[in-house]
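Quick one: structure below, then a few questions.
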Amino acid sequence: MNNFIFLGPPGAGKGSLAVKVAEAYKIPHISTGDIFRANIKAQTPLGVKVKAIIDSGSLVSDELTFELVKDRLSQDDCKNGYILDGFPRTIRQAEMLEELAADAKVVNFEIKDEIVIRRLSTRRVCKSCGANYNTLTLKPKKEGVCDKCGGELYQRDDDKQESILHRMDVYREQTEPLINFYKGKGKITNLDAAIETDVLLKEFQKIF
Ligand code: ADP
Ligand code: ZN
């Protein structure tokens with residue numbers, strides 16, 4: 001079973017690798033951040049509720065987030081596997097997930113803080129399709145415009161300096177303890193996430 005949990009700090013490249021793994025293994029990429037952002041954009045009741053929390057870089061409640069994930073994992077396309085990107089993010093979430101995904105393999109993205117800060121502050125995202133770019137390392141062909149769909153590129157509110165530092169604190173306090181949680185269960189594989197996504201994919205394919 002190809003059930004993967006991608007664990008690591010913001011800016012580690014979980015989402016970028018997840019897009020490639022999803023394609024290569026034909027399994028869905030489930031990003032709780034993307035789900036929340038889609039709801040914010042569509043101004044759903046959920047989106048309205050979580051917008052301020054997300055912009056500031058804090059976490060949405062465990063219960064609410066878990067319900068979302070539980071619902072998503074019950075859908076048909078998850079039968080042959082899935083990639084969870086950005087969930088779980090707290091011990092409580094991990095405990096709840098154990099009941100649904102005891103067999104999942106946890107991939108831990110290891111990366112230095114300074115690289116994370118540089119990557120996040122230079123990240124740009126397409127307003128229409130959500131594709132990620134970077135003003136230093138992954139420039140679009142035309143500045144400010146998405147290569148894939150022509151949409152407008154913008155900087156996420158939580159990618160502004162203040163929120164970045166807050167997200168890193170939140171990661172350290174609430175999410176990093178998951179490494180030991182999963183180590184104790186013998187489920188963790190570490191990946192050196194400082195390398196380019198295509199190279200990272202090759203590493204991943206060697207292991208899984
Ligand atoms: P990052 O780039 O930091 O990995 P994500 O796109 O995964 O960001 O998530 C953006 C925001 O969405 C988080 O800062 C948080 O507010 C909210 N969020 C995403 N996943 C979770 C989760 N599992 N639990 C609580 N909040 C979450
Ligand atoms: Zn786009």
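All ligand and atom numbering here is 1-based and tracks the order in the structure.
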Query raised in the report: Is a donor on one side and an acceptor on the other found under 3.5 Å between the side chain of Ser121 and the backbone of Ile117?
Result: yes
Requested in this report: Find the distance between CG (Leu136) and CZ (Arg123) and round it off to the nearest 0.5 Å.
Outcome: 13.5 Å
Requested in this report: May I ask you to identify, for Thr65, whether its side chain, its backbone, both or neither come under 4.0 Å of ligand 1 on a heavy-atom basis?
Outcome: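 Near ligand 1, Thr65 shows its side chain, while the N, CA, C and O stay back.
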Query raised in the report: In this structure, which one of Lys127, Arg124, Lys142 forms a salt bridge (Lys or Arg N to Asp or Glu O under 4.0 Å) with Glu152?
Result: Lys127
Query - Test side-chain hydrogen bond (donor to acceptor under 3.5 Å, both in side chains) applied to His166 and Ser56, step by step - result: CA-CA 8 Å; His166 180 54; Ser56 77; 5.0 Å; no
Query raised in the report: What protein heavy atom sits nearest atom 11 (C) of ligand 1, and how far off is it?
Result: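 It is Ile54 CG2, 4.0 Å.
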Query - atom 10 (C) of ligand 1: nearest protein contact (heavy atom, Å) - result: Arg37 NH1, 3.6 Å
Query raised in the report: Counting heavy atoms only, which of Met168, Arg167, Gln93 comes nearest to atom 1 (P) of ligand 1?
Result: Arg167
Report task. Show which atoms of ligand 1 fall inside a sub-4.0 Å distance from at least one heavy-atom site of Lys14. Result ->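 Within the 4.0 Å cut-off of Lys14, ligand 1 contributes 4 (O).
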Requested in this report: Please indicate whether any nitrogen or oxygen in Asp85 is less than 3.5 Å from any nitrogen or oxygen in ligand 1.
Outcome: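 No, no N or O pair falls under 3.5 Å.
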**Report entry** Heteroatom distance test (Asp34, ligand 1): nitrogen or oxygen, under 3.5 angstrom
**Finding:** no
Query raised in the report: What do we get for Ser58 next to ligand 1 when only non-hydrogen atoms under 4.0 Å count, side chain, backbone, both or neither?
Result: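 Under 4.0 Å from ligand 1, Ser58 contributes backbone atoms alone.
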Query raised in the report: For atom 4 (O) of ligand 1, what is the nearest protein heavy atom, given as residue, atom name and distance?
Result: Arg89 NH2, 3.4 Å
Query raised in the report: Considering only heavy atoms of Phe36, which atoms of ligand 1 have at least one such atom less than 4.0 Å away?
Result: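 Heavy-atom distances to Phe36 below 4.0 Å select 12 (O), 17 (C), 18 (N), 19 (C), 27 (C).
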Query - Enclosure of Lys49 NZ (heavy-atom neighbours >12, cutoff 6.0 Å) - result: no
**Report entry** Distance-only N or O hit between ligand 1 and Val60, under 3.5 Å
**Finding:**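 In this structure, Val60 places an N or O atom under 3.5 Å from an N or O of ligand 1.
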Report task. Assess Lys185 against Phe181: is NZ or CZ under 6.0 Å from the centre of the six-membered ring, and within 45 degrees of the ring's axis? Result -> yes
Query raised in the report: Looking at Phe4 versus Tyr82, is the centre-to-centre ring distance below 6.0 Å?
Result: no
Query raised in the report: What atoms in ligand 1 come closer than 4.0 Å to a heavy atom of Thr32?
Result: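 Reading through ligand 1 atom by atom, the close ones are 19 (C), 20 (N), 21 (C), 23 (N).
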**Report entry** Donor-acceptor pair, side chain of Ser74 and main chain of Asp71, under 3.5 angstrom
**Finding:** yes
Query raised in the report: Is there a donor-acceptor pair closer than 3.5 Å between any side-chain N or O of Arg89 and the backbone N or O of Gly86?
Result: yes
Query raised in the report: Do Arg123 and ligand 1 have an N or O pair less than 3.5 Å apart?
Result: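 For ligand 1, there is an N or O atom that lies under 3.5 Å from one belonging to Arg123.
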Requested in this report: Rounded to the nearest 10 degrees, what's the angle SG of Cys126 makes with SG of Cys129 at the Zn ion (ligand 2)? Could you check?
Outcome: 110°
